[in-house]
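Comments concern the structure below.
Heavy atoms only: backbone and side chains are in, while hydrogens, waters and symmetry mates are out.
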Amino acid sequence: AAAAYGWLEAGWLRTRTLEVPIPGLPPALDGLRVAHLSDFHLGPPSRGRLATERAVAWVVSRDPDLVAVTGDLVSHPRGEPLLRELFGKLGRPYVVLGNHDVAVTRDPFSRAAELDDLRELAVLLGHDAATEEIRGCSVQLVGVDPLEYPRGDARPWELADADAALRVLLCHFPGIVRRLPEDVFHLVLAGHLHAGQINLPYPGGRLTLAHPRARYLAGLFRVGGTAMHVSPGTGTTFVPLRFFARPEATELVLRAA
């Protein structure tokens, strides 16, 4: 019965809209909508594929100002055709890769995929940045390379444009926020932890088996002057189950604070 529930929850998508106060946000960008998706893990059999397809359909229906996807796109090369199809629907989202995308994982079922051709369908950010003008304001998006982060070599603040009205950092790993100089980025988007994926509830809380000591498991956090959203993601890894960690597609509505 527990396995059946975990299998069902893996496809039970939650859609959520959150307001995010951003100190210093120009009035022109008040109400800017950012769709955040993460951790598709396409390829292995899982109801996470269904959750991912539903998440993309929801984002398309919302027509946000920006779409960001924060890594672990595929866990096996056979997930690439669907990934390209989904990105085609999202209209060139901003994307960073995760550890599964470059085969840095303990998951025995994961296989690396060649994703360089995604640049035709998405703005793929490694250790680089892109700038877009929205409502007459400069919005900068900076990426973190998934190979540099584990080595401690990632220094995304060196790419930050102090003149940009809004600076957004995309990194697969939430821990990046502890390495950032204060107030360099207004918003950090991350994933990786799947909201724990396997959680055991108890009165007053829950035990997270996969990441019991994770500080930023899922949701919105304020670290100094920086807001961070950690996506629960839509896929699964190791086992195709979720317990009390529903997959989620999130729309962030930025507000001038």
Side-chain angles (χ1 to χ4, degrees), residues 15-40 52 54-73 83-84 86-98 118-144 156 159-172 174 176-177 180 184-192 218-221 226-234 248-257:
T15 57
R16 179 176 290 181
T17 299
L18 301 174
E19 293 204 346
V20 186
I22 302 292
L25 187 72
L29 294 180
D30 185 76
L32 184 81
R33 294 182 298 121
V34 181
H36 184 196
L37 300 172
S38 193
D39 295 86
F40 297 166
T52 300
R54 289 175 172 172
V56 168
W58 182 75
V59 168
V60 171
S61 72
R62 300 291 294 175
D63 191 23
D65 299 289
L66 292 170
V67 179
V69 186
T70 50
D72 279 359
L73 311 175
L83 178 66
R84 287 193 289 269
L86 296 176
F87 277 180
K89 295 177 180 179
L90 290 173
R92 287 187 63 78
Y94 290 91
V95 177
V96 290
L97 301 182
L118 288 181
R119 295 184 185 277
E120 301 174 2
L121 299 170
V123 181
L124 189 58
L125 299 172
H127 179 66
D128 53 0
T131 301
E132 181 173 333
E133 186 168 313
I134 301 177
R135 303 179 187 177
C137 298
S138 175
V139 177
Q140 186 191 37
L141 298 102
V142 177
V144 173
L159 301 174
D161 179 4
D163 294 327
L166 175 66
R167 295 179 296 278
V168 183
L169 178 65
L170 277 62
C171 180
H172 182 62
I176 190 67
V177 75
L180 298 177
V184 173
F185 293 99
H186 300 96
L187 177 65
V188 175
L189 303 177
H192 185 52
L220 275 174
F221 302 91
T226 302
M228 179 170 70
H229 180 255
V230 182
S231 171
T234 54
E248 183 177 309
T250 316
E251 181 182 73
L252 307 175
V253 182
L254 308 190
R255 294 297 183 189

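Counting heavy atoms from C-beta outward, Thr250 and His229 have side chains that approach closer than 4.5 Å. For the pair Val34/Val168, no side-chain contact is recorded, criterion being any heavy-atom separation below 4.5 Å from C-beta on. In this structure, the side chains of Phe221 and Val177 stay at 4.5 Å or more apart for every pair of heavy atoms. A heavy-atom distance below 4.5 Å is not found between the side chains of Val95 and Leu118. With contacts defined as side-chain heavy-atom distances shorter than 4.5 Å, the pair Leu141/Val123 does not qualify. Leu124 is listed as a side-chain neighbour of Leu97, based on a closest heavy-atom distance under 4.5 Å. Two residues are said to be in side-chain contact when any heavy atoms from C-beta on lie closer than 4.5 Å; Leu180 and Pro156 meet this criterion. Looking at Pro64 and Val59, their side chains come closer than 4.5 Å, going by heavy atoms from C-beta outward.
By the side-chain hydrogen bond (donor to acceptor under 3.5 Å, both in side chains) test, Thr70 is found to be paired with His36, Ser38, residues two or more places apart in sequence or in another chain being considered. Residues passing the side chain to side chain contact (heavy atoms under 4.5 Å, CB included) test with Ala68 are Leu170, Leu189, sequence neighbours excluded. Listed by chain and residue number, Arg84, Phe87 satisfy the side chain to side chain contact (heavy atoms under 4.5 Å, CB included) test with Leu121 (two or more places apart in sequence, or in another chain). In terms of the side-chain hydrogen bond (donor to acceptor under 3.5 Å, both in side chains) criterion, residue partners of Glu251 (sequence neighbours excluded) are, by chain and number, Arg33, Arg62. Evaluation of the side-chain hydrogen bond (donor to acceptor under 3.5 Å, both in side chains) rule for Asp30 yields Arg255 as partners, not counting sequence neighbours. In this view, Ala28 and Cys137 satisfy the side chain to side chain contact (heavy atoms under 4.5 Å, CB included) rule, not counting sequence neighbours.
Screening Leu32, Val20, Leu254 for a side chain to side chain contact (heavy atoms under 4.5 Å, CB included) with Leu25, the sole residue that qualifies is Leu254.
No side-chain donor-acceptor contact under 3.5 Å links Glu248 to the backbone of Gly219. Listed for the Gln140 side chain is no donor-acceptor partner under 3.5 Å among the backbone atoms of Ala164. Asp128 places a side-chain N or O within donor-acceptor distance of the main-chain N or O of Gly126, the cut-off being under 3.5 Å.
Nearest heavy atoms, Thr131 versus Ser138: CG2-OG, 3.2 Å. Annotation for Pro93 and Val69: closest pair CB-CG2, 4.3 Å, computed over non-hydrogen atoms. Contact detail for Val96 and His172: the closest heavy-atom pair is CG2-N, 4.2 Å.
In this structure, the separation between OG1 on Thr17 and CH2 on Trp58 is 4.0 Å, given to the nearest 0.5 Å.
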Inset, instruction - Using the side chain to side chain contact (heavy atoms under 4.5 Å, CB included) rule, take Ile134 and Leu66 through it: C-alpha gap first, then chi angles, then the decisive distance, then the call. - result: CA-CA 9 Å; Ile134 301 177; Leu66 292 170; 3.7 Å; yes

Legend entry - Derivation and outcome, side chain to side chain contact (heavy atoms under 4.5 Å, CB included), residues Leu169 and Thr226: CA-CA 10 Å; Leu169 178 65; Thr226 302; over 6 Å; no

